[in-house]
Amino acid sequence: LSGSGKSTLANALLVRLLELGTRPVTLLDGDVVRKHLSSELGFSKEHRNLNVQRIGFVASEITKNGGVAICAPIAPYHHARREVRDMIEQYGMFVEVYVSTPIAVCETRDRKGLYALARAGKLKEFTGVSDPYEVPEDAEMRIDTSDISPDEAVQRIVLKLESLGLVRPHN
Ligand SMILES: Nc1ncnc2c1ncn2[C@@H]1O[C@H](COP(=O)(O)OP(=O)(O)O)[C@@H](O)[C@H]1O
Ligand SMILES: [Mg+2]
């Protein structure tokens, strides 16, 4: 959901992976992609899926060439997430992190004032308020940021990457 912590965690993870320095790392943040790669798209199911497929394509090219792509979009539909997973698993590993922060917490944060607009009916097709979110059932990880710090959350992701053999354990 918006405000769940995707960008915060993705940026912190980027810093950690750059410090580890094993491979080139690219961050594809939701808002940045919306601005530069999907600027003509809206928020219908079709356009949301197209947005996710574009991110997945770029990430698959990065994966193919030995890099790491950290992707932090809202990806609300199971089918599109599955397509992207299949595309990327041809070349490497796909680790899905479901940021499961409850909407009540996201709404309290309301960083960009979007929930207020959505509740007032001034912003349509808002995920979790007036647009669907299909909860991931096959995510490798689930992180609720309401009760842990960004540092702790990123530490959990790094431990998962270690356990998958994607990052070398260190003390
Ligand atoms: N543990 C946490 N992890 C991530 N973000 C947190 C956490 N605790 C509080 N926050 C705050 O929640 C907000 C999340 O915003 P953001 O990362 O932009 O969300 P999204 O990209 O999912 O819309 C930020 O203001 C961030 O500082
Ligand atoms: Mg974001």
Side-chain angles (χ1 to χ4, degrees), residues 1-20 25-45 47-59 62 68-78 80-81 84-85 88 94-120 122-162 167:
L1 300 178
S2 177
S4 60
K6 303 179 300 299
S7 296
T8 305
L9 300 190
N11 278 286
L13 181 63
L14 173 71
V15 171
R16 284 293 305 272
L17 292 184
L18 289 175
E19 280 168 6
L20 293 172
V25 189
T26 307
L27 172 57
L28 300 169
D29 185 63
D31 287 347
V32 177
V33 167
R34 278 276 178 187
K35 183 171 175 208
H36 294 285
L37 191 65
S38 290
S39 58
E40 88 286 18
L41 299 183
F43 294 89
S44 65
K45 180 172 187 178
H47 277 192
R48 285 176 183 275
N49 284 341
L50 200 48
N51 179 51
V52 168
Q53 282 158 2
R54 286 178 188 177
I55 294 169
F57 173 72
V58 176
I62 290 168
V68 178
I70 303 171
C71 307
I74 296 175
Y77 295 108
H78 175 76
R81 292 192 299 258
V84 165
R85 176 187 288 275
I88 286 170
F94 180 82
V95 182
E96 185 176 355
V97 180
Y98 167 34
V99 184
S100 65
T101 314
I103 190 162
V105 174
C106 300
E107 194 156 359
T108 313
R109 292 175 179 168
D110 207 6
R111 248 182 106 236
K112 305 175 209 159
L114 299 178
Y115 283 94
L117 288 173
R119 292 291 179 197
K122 291 178 186 155
L123 188 59
K124 310 282 184 207
E125 298 177 300
F126 195 75
T127 303
V129 175
S130 47
D131 220 51
Y133 183 78
E134 295 174 0
V135 168
E137 280 157 17
D138 42 12
E140 277 72 13
M141 288 192 79
R142 175 192 169 115
I143 296 183
D144 177 347
T145 68
S146 31
D147 44 18
I148 58 169
S149 69
D151 278 352
E152 273 178 78
V154 167
Q155 186 57 25
R156 285 191 201 178
I157 298 173
V158 171
L159 287 173
K160 175 56 103 178
L161 297 179
E162 286 179 6
V167 162

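As a basis for the values below, the full set of heavy atoms in this structure was taken, side chains included, without hydrogen atoms, waters or symmetry mates. This structure is a prediction, so every number in the text was calculated from the model and none was measured. Order of appearance sets the numbers: ligands from 1, and atoms from 1 within every ligand. Counting begins at 1 with the first residue of the sequence.
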Of all heavy-atom pairs linking Lys6 and Val99, the shortest is CG-CG2, 4.3 Å
Heavy-atom distances under 4.0 Å are what count here, so tell me which part of Lys6 touches ligand 1: side chain, backbone, both or neither. both
For Leu9, is at least one N or O under 3.5 Å away from an N or O on ligand 1? no
Could you tell me which atoms of ligand 1, counted from 1 in the order shown, lie closer than 4.0 angstrom to a heavy atom of Ser2? 23 (O)
Going by heavy-atom distance to atom 2 (C) of ligand 1, choose the closest among Thr145, Ile143, Thr8. Thr145
Min over Glu152, Lys112, Arg109 of heavy-atom distance to atom 7 (C) of ligand 1 lands on Arg109
Determine whether the aromatic ring centres of Phe126 and Phe43 lie less than 6.0 Å apart. no
With a 4.0 Å cut-off on N to O distance, would you call Arg16 and Glu162 a salt bridge? no
Looking at the Mg ion (ligand 2), is one of the N, O or S atoms of Thr8 less than 2.8 Å from it? no
Side-chain touch His78/Asp138, heavy atoms, less than 4.5 angstrom: yes
Ligand 1 contacted by Ser149 (non-hydrogen, < 4.0 Å): yes
What heavy-atom pair brings Ser38 and Asn51 nearest, and what distance separates the two atoms? OG-OD1, 2.8 Å
When every non-hydrogen atom of Ser130 is compared with those of Glu125, the smallest separation belongs to OG-N, 3.4 Å
For atom 1 (N) of ligand 1, the closest protein heavy atom turns out to be Ile148 O, 2.4 Å
Glu140 bridged to Lys160 by N-O distance under 4.0 Å: no
Within reach of ligand 1, part of Val99 (heavy-atom separation under 4.0 Å): neither
Quick one: look up the protein heavy atom nearest atom 23 (O) of ligand 1 and list residue, atom name and how far away it is. Gly3 N, 2.7 Å
I'd like to know if Arg119 pairs up with Glu107 as an ion pair, taking the criterion as any Lys NZ or Arg NE/NH1/NH2 lying under 4.0 Å from an Asp or Glu carboxylate oxygen. yes
Protein contact of atom 13 (C) of ligand 1 - nearest heavy atom, named by residue and atom, plus distance: Arg111 CD, 3.6 Å
For atom 19 (O) of ligand 1, what's the nearest protein heavy-atom neighbour? Residue, atom name and distance, please. Gly5 N, 3.2 Å
Residue pair Asp144 / Ser146, side-chain donor-acceptor N/O under 3.5 Å: yes
Ligand 1 contact by Thr101, heavy-atom criterion under 4.0 angstrom: no
Pull out every atom of ligand 1 sitting under 4.0 Å from any heavy atom of Leu1, numbered as shown with elements. 22 (O)
